[in-house]
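Report on the structure given below.
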Amino acid sequence: MSKKNPKNKMLLSTVILTIILAIIIAVATYFAMQNNKNKEDKEIAYTDLIKEISYGNIEKIEMTVNSTSIKVKVKNNEEEKKSIVPNTQAFIELVQQKVAEGNEIELIQKPQNVWAKIPETLFSLFPTIIMIALFVMIFKMQGLGDKGEVYEETERKTKVSFNDVAGLEEEKDELIEIVDFLKQPEEYTKMGAKIPKGVLLYGKPGTGKTLIAKAIAGEANVPFISMSGSEFIEMFAGLGASRVRKLFDKARKLAPCIVFIDEIDAIGSRRTTNSGAESENNQTLNQLLVEMDGFSSEETIIVLAATNRPEMLDKALLRPGRFDRQVTIGSPDLKGREEILKIHAKEMKLADEVSFESIAEDTAGFTGAELANILNEAAILATKKKHEKITNQDIDEAVKKVTVGIEKHSRVISEKDKKLTAYHEAGHAVVSQFLPTQTDVKEVSIIPRGMAGGYTMYKSNEDKFYISKTEMEEKLIALLGGRAAEKIALNDISTGASNDLEVATQIARDMITVYGMNDRIGPISLKDNDSPTGMQMFGDNMEDYVGQEVKKMIDTAYNDAQTILKQNMDKLDKIAEVLIEKEKISEEEFKKFFA
């Protein structure tokens, strides 16, 4: 493989060709307009020319053999004019007759100049040339040539190994077998084992699917052919299937190797009716299925694929013999987050006070990409503040910037809005303090961030895989604490609780329709997957029952929040007063109110 990226090279040539065509069209248009303007000024109609000849106003006529275009010179006018003669023989006879009658007309007949016709011929062919150039450009953009970037050991752009992948220890253990297959396939074939044809990596964005695929290629020291699922689909029918064939032909030549298809759901989604663009998708998917079936045991080719939406994939792709293994790439746990932070912080200047363990505790649920982004934002903030090293304060600010948004100190806030926001956020914090399942308050602020007028930040020091009914009910109470505080303290409510109400309603609905946590509805799932009837299969009144139970849960949580606040009005008032004065309360300051 050449050192230049063929995709970038093709893109560059396409851009250059487009610019050249645009310049040619602009120049041609300009000259055509000038030419038309000059023609209008210098042309004389044939009927007017006959009149001028009969009046004796023409003193010279210049003609070219086998041409209907002539030049004439009118008396007392220095400029020559052009005209088109319908019948040159009849016109010559007319001029000769006028000369015989005594008119002084100089008639000049020139032989035809072949070279003079070339510009006119080229100009007439110009639209055809442009059409051909555009046709070539479109086909280049469609990429009829070979697709897929190949990274070989000698020219690999990113030398990634399993040492660069953290937080996925079990996943690495499972995928290390793929590396062994590629390095020494004969050891497995002796035992009668067949090499896996495909491995599907799925998980939410940013968990490291592409990274671990590159690490497998790096560990195995084999060519790594990378291609995105969207690159197969184009506007011309049949191109997707053609590209699949060419991709696997290339893989067979480079075997042993790895073929990596990112975002495979672009071509691997469930097959539907054969109409329009769906027909092209179906053909591409069918060709992929055929190619994966066509591997022989001697061909050491492994197809890796990544997707965020495994439920979208066609079942034929997921059967044994195609994607033999399906590996879930989930969000890292506490230890995994700590290891990921250490990898991304290798080249960064960190203060001695920075603790990766502490950062990992505060970022439960974050993916590897999000953790890398937090450290990068912290480095940017430290640079802007002229710090010599990245501090804990920079990292805390980066976490808030990523999760909530940028602080907006410049926004002018009225005293009324400031008081309302202070009681709203104090309501969240106070209610949460008296709910056993809710995590500790880390910070309360009434400084606007992003779209929020203020925020209450909680500590997230543990990874949760399951959430209990009690925890979800208390989450509803905490969410409605802001609205309850507005009502109790100010005897008014505002639009500031709109997001809280939206989240609370969704939680209550999921508790009833997804998790079966309601006594009246019972332990059934009303989640509408592929069923065309949805809730109707449980009776015509089921939707009404669900709505009534959602409202009942929200009302109960709202009343509980008001009860907690009425019993702790002194604390609510004090916290709101401090917020109005200082605009921000830290974890330590907040705990003092309840000491």
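Computed from a predicted structure; not experimentally measured.
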Legend entry - Atom CD1 of Ile380 with >12 non-hydrogen neighbours under 6.0 angstrom: yes

Inset, instruction - Answer yes when Lys418 and Glu583 have at least one side-chain N-carboxylate O distance shorter than 4.0 Å, and no when they do not. - result: yes

Legend entry - Residue pair Val354 / Ile395, side-chain heavy-atom distance below 4.5 Å: yes

Inset, instruction - Decide if atom NZ of Lys584 counts as having more than 12 heavy atoms of other residues, nucleotides or ligands within a radius under 6.0 Å. - result: yes

Inset, instruction - Give a yes or no on whether Asp352 atom CG has more than 12 heavy-atom contacts from other residues, nucleotides or ligands under 6.0 Å away. - result: no

Inset, instruction - Any chance you could measure Leu168, atom CG, to Thr207, atom OG1, to the nearest 0.5 Å? - result: 7.5 Å

Inset, instruction - Take Leu201 and Val327 through the test side chain to side chain contact (heavy atoms under 4.5 Å, CB included) and record every step on the way to the result. - result: CA-CA 5 Å; Leu201 309 173; Val327 180; 3.9 Å; yes

Legend entry - Test: Arg483 and Asp500 ion pair at under 4.0 Å: no

Inset, instruction - Specify whether Phe260 and Phe224 have parallel, tilted or perpendicular ring planes, treating 30° as the upper limit for parallel and 60° as the lower limit for perpendicular. - result: parallel

Legend entry - Check: Phe594 ring centre within less than 6.0 Å of Phe434 ring centre: yes

Legend entry - Pairing of Lys385 and Glu397 as salt bridge, 4.0 angstrom limit: no

Inset, instruction - Could you tell me how the ring of His428 sits relative to the ring of His424: parallel (under 30°), tilted (30 to 60°) or perpendicular (over 60°)? - result: perpendicular

Inset, instruction - Answer yes when Lys591 and Glu587 have at least one side-chain N-carboxylate O distance shorter than 4.0 Å, and no when they do not. - result: yes

Inset, instruction - Inspect the contact between Glu169 and Lys335 and indicate whether a charged nitrogen and a carboxylate oxygen are less than 4.0 angstrom apart. - result: no

Legend entry - Side-chain heavy-atom pair Leu371, Leu375 within 4.5 angstrom cut-off: no

Inset, instruction - Determine whether Pro448 and Ile413 make a side-chain contact, defined as any pair of heavy atoms from C-beta on separated by less than 4.5 Å. - result: yes

